[in-house]
Amino acid sequence: QVQLVESGGGLVQAGGSLRLSCAASRSTFSIDAIGWYRQVPGKQRELVIIISSGGSTKYADSVKGRFTISRDNAKNTVYLQMNSLKPEDTAVYYCNAVVNYRAYWGQGTQVTVSS
């Protein structure tokens with residue numbers, strides 16, 4: 001099992017930046033893939049960015065060039081750096097981890113971008 005705790009959400013103006021953190025209860029080396037999804041009311045949860053244990057990343061086209069993911073393996077923490085934020089980035093952001101084909105989710109953190 002993996003417990004995930006997100007932090008770092010909040011309100012920011014368009015063009016600003018935020019960094020989200022996801023602290024995992026086990027070593028990130030033991031996690032097959034970890035990353036971020038987001039969801040707005042009435043819509044399906046969508047992939048934002050994810051990184052595999054091998055270091056390969058997958059991005060949503062809408063965030064390429066603006067969002068980056070990084071890992072601090074010593075702290076079992078993954079970060080989502082979000083730059084040049086747009087109002088359409090407003091959503092609840094969820095940390096996701098996959099271990100042995102099973103998905104685990106954090107509780108979510110709200111990101112609101114004002115225009």
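With contacts defined as side-chain heavy-atom distances shorter than 4.5 Å, the pair Thr112/Val12 does not qualify. In this structure, the side chains of Val98 and Ile34 stay at 4.5 Å or more apart for every pair of heavy atoms. Annotation: side chain of Leu85 is in contact with side chain of Leu18 (closest heavy-atom distance under 4.5 Å).
Applying the salt bridge (Lys or Arg N to Asp or Glu O under 4.0 Å) test to residues at least two apart or on different chains, the pairs with a partner in residues 88-102 are Arg38-Asp89, Arg66-Asp89. Listed by first and then second residue, the disulfide (SG to SG under 2.5 Å) pairs involving residues 9-115 are Cys22-Cys95 (not counting sequence neighbours). Sorted by first and then second residue, the side-chain hydrogen bond (donor to acceptor under 3.5 Å, both in side chains) pairs with a member in residues 14-25 read Gln3-Ser25, Ser17-Asn83; sequence neighbours excluded. Within the structure, ring-ring contact (aromatic ring centres under 6.0 Å, His included) contacts touching residues 1-32 (residues at least two apart or in different chains) do not occur.
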Please list every donor-acceptor pair under 3.5 Å in which a side-chain atom of residues 73-80 meets a protein atom from a residue at least two apart or in another chain.
{"residue": "Asn73", "atom": "OD1", "partner": "Thr28", "partner atom": "OG1", "Å": "2.5"}
{"residue": "Thr77", "atom": "OG1", "partner": "Lys75", "partner atom": "O", "Å": "2.8"}

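Distance CD/Glu6 to CG/Leu20: 8.5 Å, rounded to 0.5 Å. Separation of atoms CD1 (Ile51) and CG (Asp32) is listed at 13.0 Å; rounding is to 0.5 Å. In this structure, OH on Tyr93 lies 5.5 Å from CE on Met82, to the nearest 0.5 angstrom.
With sequence neighbours excluded, no residue forms a side-chain hydrogen bond (donor to acceptor under 3.5 Å, both in side chains) with Arg71. The side-chain hydrogen bond (donor to acceptor under 3.5 Å, both in side chains) search around Asp61 returns Lys64, not counting sequence neighbours. Evaluation of the side-chain hydrogen bond (donor to acceptor under 3.5 Å, both in side chains) rule for Ser53 yields no partner, not counting sequence neighbours. By the ring pair (Phe, Tyr, Trp, His ring centres under 6.0 Å) test, Tyr104 pairs with no residue at all, sequence neighbours left out. Residues forming a side-chain hydrogen bond (donor to acceptor under 3.5 Å, both in side chains) with Ser56 (at least two apart in sequence, or on another chain): Ser52.
Nearest heavy atoms, Ile31 versus Ala97: CG2-CB, 3.9 Å. Residues Val111 and Gly9 approach most closely at CG2-CA, 4.2 Å, considering heavy atoms. When all heavy atoms of Leu4 and Ala24 are compared, the closest pair comes out as CD2-CB, 3.9 Å.
Hydrophobic cluster of Tyr94: the remaining members, joined at side-chain heavy-atom separations below 4.5 Å, are Tyr37, Leu47, Ile50, Val92, Trp105, listed by chain and number.
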